[in-house]
Protein chains: 2
Amino acid sequence: MDSTREQLQIFVRRFGLLNASCCDECCGEQVSMAQSHILFEIRRADSPAMQAVAEELGMEITTFSRQIKTLETKKLVSRRVSPDDRRVTLLSLSDEGLRVLTQIDRYMTKRLDHIFGGMSVFERETVVRSLGLLNEAVRRAGEAGSRQEGVVACRK
Amino acid sequence: MDSTREQLQIFVRRFGLLNASCCDECCGEQVSMAQSHILFEIRRADSPAMQAVAEELGMEITTFSRQIKTLETKKLVSRRVSPDDRRVTLLSLSDEGLRVLTQIDRYMTKRLDHIFGGMSVFERETVVRSLGLLNEAVRRAGEAGSRQEGVVACRK
DNA sequence: CAATATTATTTGCATATTGCAACTAATATT
DNA sequence: AATATTAGTTGCAATATGCAAATAATATTG
């Protein structure tokens with residue numbers, strides 16, 4: 001499990017770099033990595049409330065609020081008041097926002113193709129399946145209220 | 001490959017949250033996530049030069065320089081001039097720095113144990129092996145000069 | 001049903017992070 | 001010796017972040 005922690009740490013870091021270079025080099029629009037995550041998540045959920053997205057991304061609602069403001073200014077995201085609860089703001093991608101995200105997708109996919117290209121078909125399948133397992137496991141571990149029971153006593 | 005991009009994106013994000021909550025909740029010292037990555041990398045390499053670490057982490061050397069200054073102030077990292085080239089600064093963890101990092105390790109490992117706990121032994125092995133493959137593949141794809149040949153024409 | 005509590009979101013403010021350009025010091029090249 | 005390159009630092013302006021407080025809408029409760 002020890003080397004697993006290391007493998008994960010390194011992998012996640014490298015993937016982050018990939019992701020960042022993508023947001024940088026890709027599309028002309030200036031989209032930060034945080035913002036690309038936001039776009040990604042808005043697309044994934046269907047007209048999600050601000051709360052929901054912020055939580056999923058582990059972002060302070062306050063920071064999130066400001067990011068959305070920026071994305072709205074850039075005309076990549078639009079908001080509307082929920083008909084069910086007028087406190088709630090629902091988010092959706094504008095056509096342009098979707099276009100930008102699609103471009104990022106394309107870029108990432110191309111990079112990933114390249115990375116996976118060095119593997120055998122069998123390896124590739126194994127890896128993809130593993131990612132599924134991993135995500136599922138993280139989700140399961142998370143929903144049991146990671147904050148509370150996950151807290152480890154480790155202050156000196 | 002499409003769903004792979006999605007799986008990866010989500011996984012990396014969630015792992016990032018795990019990591020962040022760790023830096024937060026764990027050890028009393030105030031260590032940001034970026035800083036924990038720096039500690040991690042200094043330990044992994046042996047007395048690496050600033051350049052090397054900054055590059056591995058994909059951090060601007062200028063930002064990195066300041067982070068190191070902070071970590072030095074916190075007495076978690078120490079620097080010394082390279083005997084071979086006096087322009088070069090070599091980094092190493094202080095005892096305290098190592099202690100903090102070890103604490104973060106413990107915390108992460110415990111969390112990971114929990115996550116992997118929901119899997120069968122077989123699944124676990126598959127996943128760990130896949131991570132190895134993935135890292136290897138990313139490394140290979142990276143060393144061929146990802147910047148140049150990886151660039152995809154995608155400006156509108 | 002009025003008073004109170006809760007929830008969603010925004011804003012002010014202080015701090016931390018980042019990127020770029022310019023600078024210093026040391027080493028390499030010519 | 002003059003010039004170029006490399007490692008690292010610093011100033012400055014732009015962002016991003018966290019916390020506390022404010023606003024507005026909905027829920028709860030006596």
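All values derive from a computational prediction rather than experimental measurement. Chain identifiers are assigned alphabetically (A, B, ...) following the order of the sequence lines, protein sequences preceding nucleic acid strands; residue numbering begins at 1 within each chain.
The side chain of A/R86 sits closest to D/dT26 out of D/dC19, D/dT26, D/dA7. Set against D/dA16, D/dG8, C/dT10, the side chain of A/Q67 has D/dA16 as its closest nucleotide. Nearest to the side chain of B/V88, among D/dT9, C/dT9, D/dG8, sits D/dG8.
Using a 4.5 Å cut-off between side-chain heavy atoms of Ile, Leu, Val, Met, Phe, Trp and Tyr, with links allowed through other members, A/V100 and A/V53 fall into the same hydrophobic cluster.
Searching all strands for a Watson-Crick or G-U wobble partner of C/dC1 with both distances below 3.5 Å returns D/dG30.
One finds a side-chain N or O of A/T63 lying less than 4.0 angstrom from the OP1 or OP2 phosphate oxygen of D/dG18. Look at B/T62 and you won't find any side-chain N or O under 4.0 angstrom from OP1 or OP2 of D/dT9. Considering only side-chain N and O atoms, B/Q51 lies under 4.0 angstrom from the phosphate OP1 or OP2 of D/dG8. In this model, the phosphate group of D/dT10 is approached by a side-chain N or O of B/K69 to a distance below 4.0 Å at OP1 or OP2. For D/dA7, neither phosphate oxygen OP1 nor OP2 lies less than 4.0 angstrom from any side-chain nitrogen or oxygen of B/T89.
As a whole-Å value, the separation of B/E60 CD from D/dT10 P is 16 Å. If you measure from atom CG of A/D85 to atom C1' of C/dT6, you get 11 Å, rounded to the nearest angstrom. Rounded to whole Å, atom P of C/dT18 lies 12 Å from atom NE2 of B/H37. Spacing between atom CD1 of A/I61 and atom P of D/dG18 amounts to 12 Å, rounded to whole angstrom units. The CG atom of A/L71 sits 13 Å away from the P atom of D/dT15 (whole-angstrom rounding). To the nearest angstrom, P of D/dT15 lies 16 Å from CE of A/M59. Look at CG on A/L91: it is 12 Å from C1' on C/dA8, rounded to the nearest Å. What separates CD of B/E55 from C1' of D/dT6 is a distance of 13 Å, to the nearest Å.
Put simply, the side chain of A/R87 and the base of C/dT9 share no donor and acceptor less than 3.5 Å apart. Judged by distance alone with a 3.5 Å cut-off, no donor-acceptor contact links the side chain of B/R66 to the base of D/dG8.
Remark: side-chain polar atoms of B/T89 are not paired, donor with acceptor, to backbone N or O of B/V81 under 3.5 angstrom.
Contact detail for A/A137 and B/M119: the closest heavy-atom pair is CB-CE, 3.6 Å.
Between B/I68 and A/Q35, the residue anchored nearer the 5' end of DNA chain D, judged by the nucleotide with its closest heavy atom, is B/I68.
We find that A/E96 and A/K74 are not joined by a salt bridge, their nearest charged nitrogen and carboxylate oxygen being 4.0 Å or further apart. Between B/K110 and B/D105 no salt bridge is recorded (no basic side-chain N to carboxylate O distance below 4.0 Å).
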